[in-house]
Amino acid sequence: MFQRILLAVDGSEASLAAARVAGRLAGQLGVGVRVLTVFDQPNSELGEPNYSNALREELRDADHALNAAARAVRESGGPEPEIDRIAGRPAEVILDVASGEPDALIVMGNRGRGRIASALLGSVSTAVVSRAAGPVLVVPDPSH
């Protein structure tokens, strides 16, 4: 069984739905929750002040996603979660963090872009499910 939930969020409605599911699971099972969001590191070639402005915007969006997800976890009966933001490619970062927590259940939302868009753009949830060493729960987008 897992000892912790690693909740990956991006600020979408699907990730908030995943946060509510993670909160309920964590509350029922008595396990902790780590909320993770991955943000884009701006290109340093932007120069100043463009680089700093772009980074500030990325961090603001990441913090918004983290805070909304943490609130959803708590309101759904879960514990006070740890929060973390890391720059990089989402699937790779999620898998890297999960590899350091082998007893964790990964919970994430699925935006439901559709087969064509997912085939062209790729899907973070598909990449994580296909490459994760442990269990992954993908929560569907409630609007689809």
Side-chain angles (χ1 to χ4, degrees), residues 1-44 46 50-144:
M1 191 64 139
F2 52 89
Q3 302 299 314
R4 183 170 161 109
I5 294 174
L6 174 61
L7 171 63
V9 300
D10 62 6
S12 67
E13 285 301 315
S15 69
L16 286 177
R20 289 186 287 274
V21 169
R24 286 192 300 272
L25 275 173
Q28 291 171 355
L29 299 173
V31 299
V33 178
R34 178 179 181 185
V35 182
L36 169 68
T37 194
V38 182
F39 66 93
D40 288 327
Q41 180 75 38
N43 189 325
S44 61
L46 288 173
N50 297 331
Y51 174 82
S52 292
N53 291 338
L55 179 60
R56 191 171 18 261
E57 185 175 322
E58 286 291 331
L59 294 176
R60 185 194 70 227
D61 291 347
D63 288 343
H64 178 73
L66 287 170
N67 291 330
R71 186 172 43 256
V73 167
R74 288 189 306 270
E75 289 174 354
S76 298
E80 182 65 39
E82 295 176 37
I83 59 172
D84 199 3
R85 62 182 187 205
I86 300 175
R89 296 174 55 103
E92 284 75 17
V93 170
I94 294 164
L95 290 164
D96 185 53
V97 170
S99 72
E101 299 189 29
D103 293 335
L105 166 68
I106 301 170
V107 177
M108 58 193 310
N110 179 354
R111 285 193 186 179
R113 279 188 267 202
R115 285 185 293 181
I116 294 174
S118 290
L120 294 173
L121 302 172
S123 166
V124 174
S125 59
T126 299
V128 171
V129 166
S130 66
R131 295 173 36 209
V136 180
L137 173 61
V138 179
V139 178
D141 185 337
S143 66
H144 288 97

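Of the inter-residue distances, the one linking Phe39 atom CZ with Asp63 atom CG reads 9.0 Å to the nearest 0.5 angstrom. The distance from the OG atom of Ser125 to the CG atom of Leu137 is 11.0 Å, given to the nearest 0.5 Å. If you take CD on Gln41 and CD on Glu58, they are separated by 9.0 Å, rounding to the nearest 0.5 Å. Taken to the nearest 0.5 Å, the CG atom of Leu7 stands 11.0 Å off from the CZ atom of Arg20. For the atom pair Arg4 CZ and Leu105 CG, the distance stands at 12.0 Å (nearest 0.5 Å). Between the CZ atom in Arg71 and the CD atom in Glu75 there is a gap of 6.5 Å [rounded to 0.5 Å].
The number of heavy atoms from other shown groups lying within 6.0 Å of CZ (Arg89) does not exceed 12.
Scanning both residues, Ala104 and Pro135, for their nearest heavy atoms gives O-CD, 4.0 Å. Nearest heavy-atom pair across Val93 and Gly88 is CG2-CA, 3.9 Å. Summarising the geometry of Val31 relative to Pro79, their closest heavy-atom pair is O-CG, 3.6 Å, with the distance given to 0.1 Å. Heavy atoms only, all atoms of each residue included: Tyr51 and Asn43 are closest at CD1-O, 3.6 Å. The two atoms that bring Val128 and Leu95 nearest to each other are O-CD2, 3.9 Å, heavy atoms only. The two residues Ser99 and Pro102 have their closest heavy-atom pair at O-CD, 4.1 Å.
None of Val35, Leu6, Ile5 except one satisfies the side chain to side chain contact (heavy atoms under 4.5 Å, CB included) rule with Val107; the exception is Ile5.
Asp96 contributes no side-chain N or O that, together with a main-chain N or O of Glu92, makes up a donor-acceptor pair within less than 3.5 Å. Distance alone, capped at 3.5 Å, places no donor-acceptor pair between the Ser76 side chain and the Val73 backbone. For Thr37 (side chain) and Arg85 (main-chain N/O), no donor-acceptor pair under 3.5 Å exists by modelled atom type.
Contact check for Leu16 versus Glu13: side-chain heavy atoms found under the 4.5 Å cut-off.
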